[in-house]
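Remember, it's 1-based here, ligands and their atoms both numbered in the order they're listed. What you are looking at is a predicted structure, and each value in this text was computed from that prediction instead of being measured.
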Amino acid sequence: MKPREWSAARMAGVGFLSRRRHGNFIDGRECAPSHDAHLPVVDPATEMTIAQAPDSAAADVDLAVQAAQRAFEGKAWSGMRPAERERLLGRLSLLIEEHADELSALETLQSGKLNGLARAIDVGAGAEFVRYMAGWATKLEGQTLPNSIAAAPGSSWFTYTQREPVGVVGAIVPWNFPLAIALWKVAPALAAGCTVVLKPSEETPLTALRLAELAMEAGFPPGVLNVVCGRGATAGAALAAHAGLGRVSFTGSTPAGRAVGHAAVERMTRFTLELGGKSPMLVLADADPDEAAAGAAIGIFFHQGQVCTASSRILVHRSLVRRVTERLGQAASSLKIGSGFDPQAQLGPLVSKRHLERVLGYVEGAKEEGATVVAGGARALEGGCFMQPTVFADVRAEMRVVREEVFGPVAVVMPFDSEEEAVSMANDSPYGLAASVWSRDLSAVHRLVPRLKAGTVWVNAHNMLDSNLPFGGVKGSGMGRELGRAAVESCTELKSVCMSV
Ligand code: NDP
């Protein structure tokens, strides 16, 4: 079957959602954008427009923030018993699972991702994360603290801290894992008692809109979860700069993240930035080269390399580099490319034509700068935004393909001669999101882990995340942490109380 036929077949199942002109979701109901302007949502496998979503203006963002503020201040949510918030979040997680077919089909239609991946990550892991966060609603706590206040002879003081929700959380979400990353931001905010305005990427708004409907079905009060669609430069920027936010949580590129951070600091709004990466995978001399090559293939080709932690720099001890390069090249050439709905496909399309052209630009640039193409290096299939998985060798540290985040199925393989050189190459990047070390030598692993400038280090694995494991970067990869306790605590302010007794 051709990509167009796969998509047509699946659109029938979600036609009521995927074929219509959508509004925003504000204060518990669908709401037309103020200027009646819309943007097309395009299926990257077929390049067909599948729906229209609002091209919202600052006025729409303002409406949504006001609704979220009312819901927060009216105490319908923040004043609700934590056990009740936990129950509603639990119900939402079940509804996400019950709608797995529909949500994963929408995800594949709007982003092109493999349907199995949408099911496992956006829906499956997403629902699990909501359940995990539901549990935190009843477990947030302060501390009672011993004190040494010597105000007056005989005075006595009782001091403690308590956590309070920050207010309205603005969540700005990219297109690579639209539902999962939305849930990474929405669930901790709701667990903490905050209300939310969610701005999905203009490329992938459909699952966010459906999530808001499911939240209503679960019983969330109106205004607790609002969704405003539109472009980053307009709706996203208006949300980041809105005075009504207590916190803004952003995932996306470093330049856009920098703009969001600046806007937040202007208003003294708290913020979290989860930005790009150029994550190194270090294969030490004692590693099994075939195992490492298989790991590298998963690390870089998983979701067409559109993953912030993708193993885009494969650094291999010189004694193994030929074998690893050869095996990685073979793995790349053997991957079946096709529609995300094709159960045989191992690589779907990139998210958009614009993005495909950007990735191809890096590939052409690398060729011009003298890199050797080991595998791929061009578009794939006829029509659609498909790209061959690509491996480069003979690259130099200053090349753009080595330094910049390509965000596509493009890896570079580079040799090193010593542990010292491996660390220096790994850290020679403006980014610091993640890294992996491949070795059975425990001493070497323990020596390397603290020296790698990265928010996460995997050992003999890559791209492994867990609801309970904080996730975020250092350097140009951002600030703050998502997932785990850190995420829910970031949606609270710590208040200190000092009582004369
Ligand atoms: P962006 O950083 O531009 O977009 C991410 C999100 O931020 C989207 O919702 C976007 O909206 C919004 N946004 C964009 N500009 C602003 C702004 N000034 N203020 C507020 N919100 C804004 O990523 P792109 O989609 O343009 O992708 C470009 C590159 O970014 C990729 O090639 C990759 O390198 C990196 N990236 C990293 C991701 C990660 O997971 N860390 C995820 C996605 C991209 P809209 O899409 O509607 O413009």
- For atom 3 (O) of ligand 1, closest protein heavy-atom neighbour: S253 OG, 3.9 Å

- Query: Which atoms of ligand 1 are found less than 4.0 Å from any heavy atom of R231?
  - Reply: 47 (O)

- What one should report as the nearest heavy-atom pair of G484 and F129 is N-CE1, 4.4 Å

- Message: Checking the N or O distance criterion of under 3.5 Å, is ligand 1 in contact with G230?
- Response: yes

- Message: If you compare all heavy atoms of V228 against all heavy atoms of V61, which two are closest, and at what distance to 0.1 Å?
- Response: CG1-CG2, 4.0 Å

- Message: If the condition is ring pair (Phe, Tyr, Trp, His ring centres under 6.0 Å), which residues does H303 pass it with, not counting sequence neighbours?
- Response: F177

- Any idea which atoms of ligand 1 are less than 4.0 Å away from a heavy-atom of C308? 39 (C), 40 (O), 41 (N)

- ligand 1 versus Q306: contacting region, heavy-atom distance under 4.0 Å: neither

- Query: Which residue holds the protein heavy atom closest to atom 34 (O) of ligand 1, what is that atom called, and what is the gap in Å?
  - Reply: E405 OE1, 2.6 Å

- Task: Look only at interatomic distance and state if W175 has a nitrogen or oxygen under 3.5 Å from any nitrogen or oxygen of ligand 1.
- Result: yes

- Message: Heavy atoms only: which of R354, E404, E274 lies closest to atom 26 (O) of ligand 1?
- Response: R354

- Donor-acceptor pair, side chain of R313 and main chain of A426, under 3.5 angstrom: yes

- Residues K278, E404: salt bridge by 4.0 Å N-O rule: no

- Looking at ligand 1, does F250 have a heavy atom less than 4.0 Å from it? yes

- Query: Of the choices G232, P255, G252, which has the non-hydrogen atom that lies closest to atom 22 (C) of ligand 1?
  - Reply: G232

- Item | Contact partition for S201 relative to ligand 1, non-hydrogen atoms under 4.0 Å | both

- Carboxylate-amine/guanidinium contact E107 R119, below 4.0 Å: no

- Item | OG on S467 to CD on E482, rounded to 0.5 Å | 12.5 Å

- Describe, in one word, how the ring planes of Y132 and W136 are oriented to each other, choosing from parallel (under 30°), tilted (30 to 60°) and perpendicular (over 60°). perpendicular

- Message: Closer than 4.0 Å to some heavy atom of K199 - which atoms of ligand 1 meet that?
- Response: 9 (O), 10 (C), 11 (O), 45 (P), 47 (O)

- Query: Quick check: does R358 get an N/O under 3.5 Å from an N/O on ligand 1?
  - Reply: yes

- Task: Could you tell me whether some N/O pair between V173 and ligand 1 is separated by less than 3.5 angstrom?
- Result: yes

- The protein heavy atom nearest to atom 5 (C) of ligand 1 is T251 O, 3.7 Å

- Note on the structure: Closest to atom 38 (C) of ligand 1 (heavy atoms only, candidates F407, F177, Y431) is F407

- Using the salt bridge (charged side-chain N to carboxylate O under 4.0 Å, His left out) rule, take R400 and E369 through it: C-alpha gap first, then chi angles, then the decisive distance, then the call. CA-CA 9 Å; R400 281 185 65 213; E369 287 183 285; over 6 Å; no

- Intermediate values then yes/no, salt bridge (charged side-chain N to carboxylate O under 4.0 Å, His left out), R354 and E203: CA-CA 11 Å; R354 179 178 70 107; E203 327 252 25; 3.2 Å; yes

- Query: Does L275 approach ligand 1 within less than 4.0 angstrom via side chain, backbone, both or neither, non-hydrogen atoms only?
  - Reply: backbone

- Which of the numbered atoms in ligand 1 are below 4.0 angstrom from a heavy atom of P174? 42 (C), 43 (C)

- Per-atom contacts, ligand 1 versus G236 - under 4.0 Å to a heavy atom: 19 (N), 20 (C), 21 (N)

- May I ask whether A237 places a heavy atom under 4.0 Å from ligand 1? yes

- Message: Does the protein place a non-hydrogen atom closer than 4.0 angstrom to atom 1 (P) of ligand 1?
- Response: yes

- Shortest non-hydrogen pair, S34 vs D60, comes out as N-OD1, 2.8 Å

- What are the atoms of ligand 1, with element, lying closer than 4.0 Å to any heavy atom of H355? 32 (O)

- Task: Using ring pair (Phe, Tyr, Trp, His ring centres under 6.0 Å) as the criterion, list what pairs up with H38, not counting sequence neighbours.
- Result: none

- Query: In terms of atom number and element, which parts of ligand 1 are under 4.0 angstrom from non-hydrogen atoms of A256?
  - Reply: 2 (O), 14 (C), 15 (N), 16 (C)

- Item | Stepwise ring-ring contact (aromatic ring centres under 6.0 Å, His included) test for H355 and W175 | CA-CA 11 Å; H355 189 55; W175 42 259; 4.9 Å; yes

- Main-chain N/O of A180 paired to D122 side chain as donor or acceptor, under 3.5 Å: yes

- Message: Quick check on K278 - does any of its heavy atoms sit under 4.0 Å from an atom of ligand 1?
- Response: no

- Item | Per-atom contacts of ligand 1 with V260, taking only distances under 4.0 Å to non-hydrogen atoms | 19 (N), 20 (C)

- Let me see the working for R131 and E97 under salt bridge (charged side-chain N to carboxylate O under 4.0 Å, His left out), right down to the final yes or no. CA-CA 11 Å; R131 213 152 31 237; E97 284 172 341; 2.9 Å; yes

